[in-house]
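Before any comments, here is the structure.
For the numbers below, each heavy atom of this structure counts, side chains included, while hydrogens, waters and symmetry mates do not. Just so it is clear, the structure is predicted and the values come from calculations on it, not from any experiment. A note on names: the letters A, B, ... follow the listed sequences, proteins ahead of strands, and every chain is numbered from 1.
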Number of protein chains: 2
Amino acid sequence: MSTLTSKPTKDRLIETARELFLREGVPQTGINKVIAKADVARMTLYNNFASKADLVLAVFEREAALRRVAIQATQEDLDGPFERVLALFVVAEDVASQKGFRGCAFINLAIEAAAPDSALHALAQQHKAWITANIRVQLGDGVFSDTDVLADQIAVLWDGGIVGAYVHQSDRPLRSAREAAQTLMRAAAQ
Amino acid sequence: MSTLTSKPTKDRLIETARELFLREGVPQTGINKVIAKADVARMTLYNNFASKADLVLAVFEREAALRRVAIQATQEDLDGPFERVLALFVVAEDVASQKGFRGCAFINLAIEAAAPDSALHALAQQHKAWITANIRVQLGDGVFSDTDVLADQIAVLWDGGIVGAYVHQSDRPLRSAREAAQTLMRAAAQ
DNA sequence: TGATAGGTAGACCGGTATGTCTACTCTTAC
DNA sequence: GTAAGAGTAGACATACCGGTCTACCTATCA
């Protein structure tokens, strides 16, 4: 292995933990499940991470970064604020249609694994703030009135659509959200 | 005590558990906390409820019923679909402003305490469906076009607003949701 | 050759969780 | 007066949790 910290093992732990955290939830995923699935010794985990909370933080920081990149990549191929904003919802509808869909990982994180004053909650908050800021950017200037307000409203629809899709086990709330976003954009178009 | 099942003790258990479940979350609230706060023996709980899951179910069934009544009571004093629908958001804003606010109890229940095929998840689903149906009724017939669609969209805004208020620890998402609901209603007004 | 770093296996610790069991007390009703 | 129902106190069983520690293995590299 390299002279510095062993990257592959650490990365494997993060990726294995990610799968379990997203599929089964953070509190439901014990250390034992992670090391068993990663086929790694207990001490290997604790040599790479100070604690479970440290591992959770690493997993979700990486996850947030990956999602930002994925969203931007999707938007690059599209033109205009309508297409780019609505693409967010379409992507979510695809994810929600897969079985085992558990809603938004960051909302879940905030609710089930993080007190409001914790670093994990702050991470969820930041990710959501980035989503809102991204929507704001896609809306551009001059096309819509009250762009900041509109971005906030569309972000609310996005959250509500994903949560609703999980609760109702259906992509219908996400479709409602997308259509509502469209209506709001049309109403705000100058 | 009465010849039948002892009501007062059972009720006290439910009310005590309710407070703890809502304030600290269902998984974070152990049986021990419940019986300590209710000042009741361990076996008293298990003589009244088959299991913790059974207690949780009783608590949230009662909670859903109480909330339906409270929402209807609020709406009785108001006139017209705009006032009655927007009142839902105003009430939520009040609740969200209180410290210790933990978002929507039923969404939390679905996420942190219930597999999608469980009775608890179904309960959360039913409660959300009732909210949507209530919005639909308040919208009435003839005032708006696509009333079913509009009700779905407003319900999504409600969920997104509450979840956003918790994640961002701010009532701003709820205000955005209310204003968006207003815009959608205006756009659908015939 | 031999030091070092990274990984391994598994015992172990203290804590907490739900749930069971027993023996006891108290109150009500017949 | 006594039987039954409801509640009590607390030990107990079992399982899991996160986390620590030790002794060992093995590959790399100077």
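A cation-pi arrangement is found for B:K10 relative to B:F49, the charged atom lying closer than 6.0 Å to the ring centre and inside a 45° cone about the ring normal.
The separation between A:I35 atom CD1 and D:dG19 atom C1' is 11 Å, rounded to whole Å. Whole-Å rounding puts the A:L45 CG to D:dC21 P distance at 16 Å. Protein atom CG of B:D54 is 13 Å distant from nucleotide atom C1' of C:dG19, rounded to whole Å.
Below 30°, between 30° and 60°, or above 60°: for B:H127 and B:F106 the angle between ring planes is below 30°, a parallel geometry.
Every pair tested for ring pair (Phe, Tyr, Trp, His ring centres under 6.0 Å) that includes a residue from residues 9-36 of chain A fails, sequence neighbours excluded, so the list is empty.
When each of A:D146, A:D152, A:D148 is checked for a salt bridge (charged side-chain N to carboxylate O under 4.0 Å, His left out) with A:R136, only A:D148 meets the rule.
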Donor-acceptor pairs under 3.5 Å, side chain of residues 110-119 of chain B to any protein atom, not counting sequence neighbours: which ones?
residue : atom : partner : partner atom : Å
B:E112  : OE2  : B:R102  : NH2          : 3.1
B:S118  : OG   : B:A115  : O            : 2.7
B:S118  : OG   : B:H121  : N            : 3.1

Protein-proximity profile, nucleotides 8-18 of chain C, B/S/- by nucleotide at the 4.0 Å heavy-atom cutoff, equals BBBB-----SB
